[in-house]
There are 2 protein chains.
Amino acid sequence: MIHCPKCEQVDSISKAGMVRGKQRYYCKSCQSHFSFADAPKPRSKHQVTIVDIARELGISKSTVSRALRNQSDIHPGTRKAVMDLAQQLDYQPNLLAYGLVKSRTNTVGMIVPEFHHYFFPEVIIGAQEVLQAAGYNLMICQSSESYQTEVANVKALMASRVDGLIVSMTSQTNNVDHFKALENKGVPLIFFNRICPELETHRVVVDDYEGAFRAVTHLLEQGYRRIAHIAGPASLLISRLRQQGYTDALMAYGLEPEPELVITYDLTDEKARIYAKHLLDLPEPPDAIFAVNDPTAIQVILIAKAKGVRIPEDLAVVGFSNDPISAIIEPGLTTVSQPVGEMGRMAARLFLETARLGEQTIPRTETLSTELIIRGSSVKK
Amino acid sequence: MIHCPKCEQVDSISKAGMVRGKQRYYCKSCQSHFSFADAPKPRSKHQVTIVDIARELGISKSTVSRALRNQSDIHPGTRKAVMDLAQQLDYQPNLLAYGLVKSRTNTVGMIVPEFHHYFFPEVIIGAQEVLQAAGYNLMICQSSESYQTEVANVKALMASRVDGLIVSMTSQTNNVDHFKALENKGVPLIFFNRICPELETHRVVVDDYEGAFRAVTHLLEQGYRRIAHIAGPASLLISRLRQQGYTDALMAYGLEPEPELVITYDLTDEKARIYAKHLLDLPEPPDAIFAVNDPTAIQVILIAKAKGVRIPEDLAVVGFSNDPISAIIEPGLTTVSQPVGEMGRMAARLFLETARLGEQTIPRTETLSTELIIRGSSVKK
DNA sequence: AACATTTCCGGGAATGTTCCCGGTAGTTTT
DNA sequence: AAAACTACCGGGAACATTCCCGGAAATGTT
């Protein structure tokens, strides 16, 4: 009945329990356990590999590997044969295996807080442009302004063994342990826009303080005096810097910033509308609003228009970023433009640099310049 | 001087050429070649692996693997020990190795033609939402409306062994061999928006024909008769369908579409402006323009306004997609709204379905519904 | 003719996992 | 007390590559 696979015995066999759903046997003469292998699984379609090519051509996989990478130590004839067959079989190198042995995946991870507005997609375009040219792929994650998601994103990207990370932080990120952990792992980390002041990394920013200062100064020059500021969350350095620029511009004009005119909020469109309404409903409403970014400013304009507040006569509005909508909305939104695509390109370049030089690159901060774009929302005719 | 590493002989050694920059020797007594290994490379920081944990704990890697995956056949005590140490060492599983053995990477690739406008990023948000919930990562590529780049993207994604592809084609894609090749490889392929009619795959679309028909009918009902159409490139099915809807709506009203009022173009903003100007400068200009999408319609409105053409009195404009700008521009843009996020979610769901069921899913086309959003650009007061 | 060099190729380790399966010890059943 | 079972664990193959290094033959040099 039951043969021992080793000694071919039949009568010295006894049962030895069910294990993992299969019967197990014990052969007393061999003193060994055994069970019967289940049917080999169908082995679904498998991609063409280097050994497939080698077998077909009757050569070794080493040779195929060399031929494919066009290295030396390869006869032109065999190289051509390999290349041709690879083409014919539509061979695609397996980046997983490659990455495993080289511990390099040629992909970099990017984590951005959101995808809804103009800004981040445009940065990504810039970054991808230079990375692609350098032979890198990009893996993009949205943290959706959630700290938890951001941590998960970092983990996922690291699990994929990306060669580096380009990140703009969540507004909720206070704990940066998940980024700190990357240092020990030797993974280049580049922040842009929403950087992390506590970490010594490469950074790409614009001069937020200066931009805000100029924007508010412009409002003052236009004669506005009761200038409100809808700021971003204090957790973000850009929020603090822009707010500081706002404050200092007022002070430089001998004005004291009024607490009731400064609101910090979480950057959601919904809250933007609520606070815009709030400001305009104040007993003594502001005559100008400097918003932390364009999406916010846009909401302010929409609310104001809906309430019949005239722009710029009753209320001036200034934003930050030069979102394309700024040029389309009426009146046009005065805004601090920043080189968005260039931010992405610069971040990518910084990555490439550290990837090339390794550890010895010293972290540096690239500050790109802003420009005040003056449109109808802040200039009375 | 030179010892043979095998027989320790000294005098039977002769040189045997330089190979790969290193001196090679020949030992006559052993009849073998040898050379001296160069210094082992410094072996840079390496991520914590399962064997590190195993070594530390004095157990085997199999056990660690089981513990980490919380499988059976593991003692609660050892599991805890492994888990704790993994936490402490910040162990991240190597997805490359995982993918190699499982031939599954838990990532899906997505190829979109562009990133500049509202549409594609929003689809991505939707797709990522459901994929992330299912434990998948997303790898996003922009083809930048270039056939070459699209082909390269497919290759890159396949090299990364993504588990599936979600694609909206380039307007230049006429040859679809690179997609056809995926069938043999058993990689699920889902098209959305710009689908590929020649391939039997899952698809997510809206009823472009119907949407266009309704949009143009609306214009006719509003009394417009000389209705132009700025269409997308004929290579895209959505362009053809929307154009057909336009044509049929006119015909249903007993009107013959005039060739000079129908323009097909490449969807760049620049060309949109040129053709908008062209139409408005016609000796007998149209009294309404139905644009293939909102970005085009927006350009038309901007050009018209710049020329002093009153909207909707002199010219009505209707778009397609309900880009957020449509609600912000003045007058508001009448447009055919499509459930953008839902498109992404649906595409992701279709992928998950085929990933679960394997080969036996029969390709199907999910058609989502559109809605005509009527705003000021097409309704005379 | 003996040695040296060059050219090309193959074998096998290593990468970090999972998976299969047998081993061992202790417990329960007959 | 033997037989059967359970609970854990470890060894080693497999995955698709790259890399190192030695083998073999052809060519060049004294």
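The sequence lines fix the lettering, A, B, ..., with proteins before strands; numbering per chain opens at 1.
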Once you round it to whole Å, what is the distance between C1' of C:dT6 and CE of B:M18? 12 Å
Atom pair distance, as rounded to whole Å: CG in B:L68 and C1' in C:dG16: 12 Å
B:S143 and B:N153: side-chain donor and acceptor closer than 3.5 Å? no
Out of curiosity, A:I124 CD1 to A:L131 CG, how far, rounded to the nearest 0.5 Å? 11.5 Å
Taking five pairs at each end, how big is the angle between the two axes of the helix from C:dA1-D:dT30 to C:dT30-D:dA1, to 10°? 50°
Starting at OH of B:Y25 and ending at P of D:dC21, how long is that distance when rounded to a whole Å? 14 Å
Side-chain-base donor-acceptor pair under 3.5 Å for A:R161 and C:dG16: no
Respond yes when some side-chain nitrogen or oxygen of B:R79 is under 4.0 Å from OP1 or OP2 of D:dC8, and no when none is. no
A side-chain contact here means heavy atoms from C-beta on lying under 4.5 Å apart; do B:T63 and B:H75 qualify? no
Ignoring hydrogens and geometry beyond distance, is a side-chain donor-acceptor pair present between A:E150 and A:T173 at under 3.5 Å? yes
Atom-pair distance (NZ on B:K22; P on C:dT5), nearest Å: 16 Å
Determine the minimum heavy-atom distance between A:L199 and A:F191, stating which atoms define it. CD2-CE1, 4.3 Å
Please determine if a side-chain N or O atom of A:K28 lies less than 4.0 Å away from the OP1 or OP2 oxygen of D:dA2. no
What side-chain donor-acceptor pairs closer than 3.5 Å can you find for residues 13-25 of chain B, not counting sequence neighbours?
{"unit_1": "B:R20", "atom_1": "NH1", "unit_2": "A:D73", "atom_2": "OD2", "d": "2.8"}

The side chain of A:A37 lies closest to which of these nucleotides: C:dC21, D:dC9, C:dT5? C:dC21
List the protein contact pattern of nucleotides 22-30 of chain C with one symbol per nucleotide (5' to 3'): B for base contact, S for sugar-phosphate-only contact, - for none; contact means a heavy-atom distance under 4.0 Å. BBB------
Go nucleotide by nucleotide along DNA chain D from the 5' end; which of A:P93 and B:T63 gets its closest nucleotide reached first? B:T63
Are side-chain N/O atoms of A:S65 and A:S62 paired as donor and acceptor at under 3.5 Å? no
Spell out, as yes or no, whether a donor-acceptor pair under 3.5 Å connects the side chain of A:D84 to the backbone of A:A81. no
Just how far, in rounded Å, is C1' of D:dA16 from OH of A:Y98? 14 Å
Under 4.0 Å, heavy atoms only, any strand: does A:I59 hit a base, just the sugar-phosphate, or nothing? sugar-phosphate
Between P on C:dT17 and CZ on B:R55, what's the gap in Å once rounded to a whole number? 12 Å
With a 3.5 Å distance limit and no angle check, can you tell me whether A:D163 reaches the backbone of A:N106 through a side-chain donor-acceptor pair? yes
What about B:S60: does its side chain form a donor-acceptor pair under 3.5 Å with the base of D:dG11? no
Does the side chain of A:H46 get closer than 4.0 angstrom to OP1 or OP2 of D:dC15 through an N or O atom? no
Between C:dC19 and B:R69, is there an OP1 or OP2 to side-chain N/O distance shorter than 4.0 Å? yes
What I want to check is whether the side chains of A:Q92 and A:Q47 have a donor and an acceptor closer together than 3.5 Å. no
Would you mind reading off the distance between A:K15 atom NZ and D:dC5 atom P, rounded to a whole angstrom? 6 Å
At 4.0 Å (heavy atoms only), tell me whether A:T78 reaches a base, stays on the sugar-phosphate, or touches nothing. sugar-phosphate
Step through it carefully: locate the ring centre of B:F351, locate the ring centre of B:Y136, and say whether they are under 6.0 Å apart. yes
Phosphate contact (D:dG12 OP1 or OP2) by B:S62 side-chain N/O below 4.0 Å: no
Taking the nucleotide of DNA chain C with the closest heavy atom to each, which residue, A:H75 or B:Y91, is nearer the 5' end? A:H75
Would one find a side-chain N or O of A:S65 under 4.0 angstrom from OP1 or OP2 of D:dC19? no
B:K61 NZ - D:dC15 C1' separation (whole Å): 13 Å
